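This structure is a prediction, so every number in the text was calculated from the model and none was measured.
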Amino acid sequence: MAGYPGLNISRDIEMKLDELQALAAFAALSQETRLSMVRSLVVAGEQGLPAGVVGDAVGASSSSASFHLSHLERAGLVTSRREARSIIYAANFDALSGLVEFLMRDCCQGHPDVVAGATKAAADCCAPDEQAG
């Protein structure tokens with residue numbers, strides 16, 4: 001487009017979609033029960049947990065747990081699958097990583113100390129277990 005040298009329509013649309021997805025994720029996480037549910041599912045790992053176990057872990061009734069888990073699934077933060085009579089929920093690690101990446105995308109601006117806390121937290125969290133083996 002002549003006259004708009006910085007405009008890249010495909011990039012700008014993609015960036016807006018990222019913002020909309022991030023807003024939906026933050027809206028879902030801004031409620032205490034849902035945030036606790038995501039944290040429980042992160043700890044559970046890829047195998048996930050039955051909906052009732054997630055609800056029990058955060059002190060939610062089965063109807064409340066179902067409501068909150070559905071909200072998290074619509075936001076793309078958790079996935080579900082049926083196993084026999086149970087619905088198993090799991091954290092969507094790709095989406096959660098994408099949310100962190102979204103927050104950090106433009107953060108440093110040449111100042112790596114800005115993300116030192118996040119880098120340290122990731123290193124501490126992801127360090128191999130010294131006691132294993």
message: Tell me whether the count of non-hydrogen atoms from other residues, nucleotides or ligands lying under 6.0 Å of CD in E32 goes above 12.
response: no

message: Taking S66's backbone N and O only, do any of them form a donor-acceptor pair with S70's side chain (distance below 3.5 Å, no angle check)?
response: yes

How close do [X] and [Y] get, heavy atom to heavy atom, and via which atoms?
X	Y	value
T79	E73	C-OE2, 4.0 Å
M37	A65	CE-CA, 3.5 Å
A95	G76	CB-O, 3.1 Å
V78	Y89	CG2-CD2, 4.0 Å
A25	L99	CB-CD2, 3.9 Å
F93	V42	CZ-O, 3.8 Å

Report yes if the side chains of [X] and [Y] come closer than 4.5 Å at any heavy-atom pair, otherwise no.
X	Y	result
L72	L41	no
S80	L69	no
N92	L77	no

query: About how many Å separate CZ of F26 and CD of E19, when rounded to the nearest 0.5 Å?
result: 11.5 Å

statement: Rounded to the nearest 0.5 angstrom, the CG-CG distance for L29 and L96 is 7.5 Å

Hphob cluster co-occupancy, I88 + V54, side-chain heavy atoms under 4.5 angstrom: no

